[in-house]
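The structure appears below as structure tokens.
Start at 1 and go down the list; that is how both ligands and their atoms are numbered.
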Amino acid sequence: LDKIIYRIIEERRKTELDHGDLISMLLLAQDDDGSRMSDEQVRDEAMTLFLAGHDTTTNALAWAWYLLARNRAAEAKLHDELDAVLSGRLPTIGDLPRLKYTEMVFSEVLRLFPPAWRISRRAVTDYEAGGHLIPAGSLVLLSQFVTHRDARFFTEPESFNPERWTAEAREARPQFAYFPFGGGARRCIGEGFARTAGTMLLATMARKWRMRFVGDEQNVEMQPLLTLRPKHGMKMMLVRRSPVS
Ligand code: HEM
């Protein structure tokens, strides 16, 4: 990764042209005093964005195919929306506002299998929360996985139900009952990108294919590492769902 990123930085430095992409933004960004980032700083930023953005989105999609294969009614509804909006063609960004159910599917996937399944903060001073004293220096863990499956906020929390994500249902819930992208000052900077990518990828693939388990679906186990991933991978078969090209 270093070799590739440093080569791109070197090539870009030679021309100073704005290519309209992330590396250009990083290279051309200036502080008030006119100073710019060093090669190492640009490399660090690019690497963080790549690593924070890749594993999270790919795991979300793996869980999406898992949940769709297990919930045929939701899968059928997704297909109906894709057929109605796309009539077999590839989706474009312009289709996003009409891919509402697809987006709801993605939101529900992030509820049940949040790729970032916990975040942590260190208390810099003594702090009281809900009647508990958190002494300075303590590490506080907040788990999306646990909160997202709390029956106070989601009825039948273990069940996959994209209908939870209508505008009315969202508004009826406390804001932090659902926080797949964190919150506050360090909220995920890639949220908009991830939602767009997730919805577009689901639409692109589900337009033509359904996924079915090869072998026993019960064999799918969660592995909570830095991201929440399927422990043994997920062996699935692509089944073409319509003859539309
Ligand atoms: C489904 C996909 C994603 C999920 C679930 C996710 C989740 C999160 C969460 C929970 C945080 C906050 C961590 C904390 O508060 O300790 C975070 C931060 C971050 N995310 Fe994402 N993320 C996703 C996609 C992306 C993408 C696509 C990018 C970049 C293109 C990205 C870049 C970042 C960066 C740079 C931070 C650190 C922000 C900061 O500390 O100021 N993420 N993400």
**OP:** Step by step, work out the side chain to side chain contact (heavy atoms under 4.5 Å, CB included) result for R149 and E158.
**Re:** CA-CA 6 Å; R149 291 178 184 233; E158 307 288 323; 2.8 Å; yes
**OP:** Would you verify whether the NZ or CZ of R111 falls within 45 degrees of the ring axis of F154 while also being under 6.0 Å from that six-membered ring's centre?
**Re:** yes
Original post:
Where is the nearest protein heavy atom to atom 13 (C) of ligand 1: which residue, which atom, and how far?
Top reply: I119 CG2, 3.7 Å
**OP:** Scan side-chain atoms only and decide if R229 and T58 contain a donor-acceptor pair under the 3.5 Å cut-off.
**Re:** no
**OP:** Test side chain to side chain contact (heavy atoms under 4.5 Å, CB included) on R118 and L142 and set out the steps.
**Re:** CA-CA 5 Å; R118 51 100 181 83; L142 303 102; over 6 Å; no
Original post:
What are the protein N/O/S atoms, named by residue and atom, that sit under 2.8 Å from atom 21 (Fe) of ligand 1?
Top reply: C188 SG
Subject >> Test log, rule side chain to side chain donor-acceptor pair (under 3.5 Å), inputs S35 and Q30 >> reply: CA-CA 6 Å; S35 62; Q30 281 190 4; over 6 Å; no
Original post:
Step by step, would you call R164 with S159 a side chain to side chain donor-acceptor pair (under 3.5 Å)?
Top reply: CA-CA 11 Å; R164 300 181 200 274; S159 69; 3.3 Å; yes
**OP:** Could you tell me whether R173 sits above the aromatic face of W165, with NZ or CZ closer than 6.0 angstrom to the six-membered ring centre and within 45 degrees of the axis?
**Re:** yes
Subject >> Heavy atom of the protein closest to atom 38 (C) of ligand 1 (residue, atom name, distance) >> reply: R186 O, 4.1 Å
Original post:
Can you list the atoms of ligand 1 that are under 4.0 Å from a heavy atom of Q144?
Top reply: 10 (C)
Original post:
Of the protein's non-hydrogen atoms, which lies at the shortest distance from atom 7 (C) of ligand 1, and what is that distance?
Top reply: P180 O, 3.5 Å
**OP:** Give the numbers and elements of all ligand 1 atoms closer than 4.0 Å to a heavy atom of F193.
**Re:** 27 (C)
Original post:
To the nearest 0.1 Å, how far is atom 15 (O) of ligand 1 from its closest protein heavy atom, and which atom is that?
Top reply: R121 NH2, 2.6 Å
**OP:** Might you check, step by step, whether the distance between atom 33 (C) of ligand 1 and some protein heavy atom is under 4.0 Å?
**Re:** yes
**OP:** Return yes if a side-chain donor-acceptor contact under 3.5 Å exists between S24 and D21, otherwise no.
**Re:** yes
Subject >> Given Q41, R36, M37, the one that forms side chain to side chain contact (heavy atoms under 4.5 Å, CB included) with L26 >> reply: M37
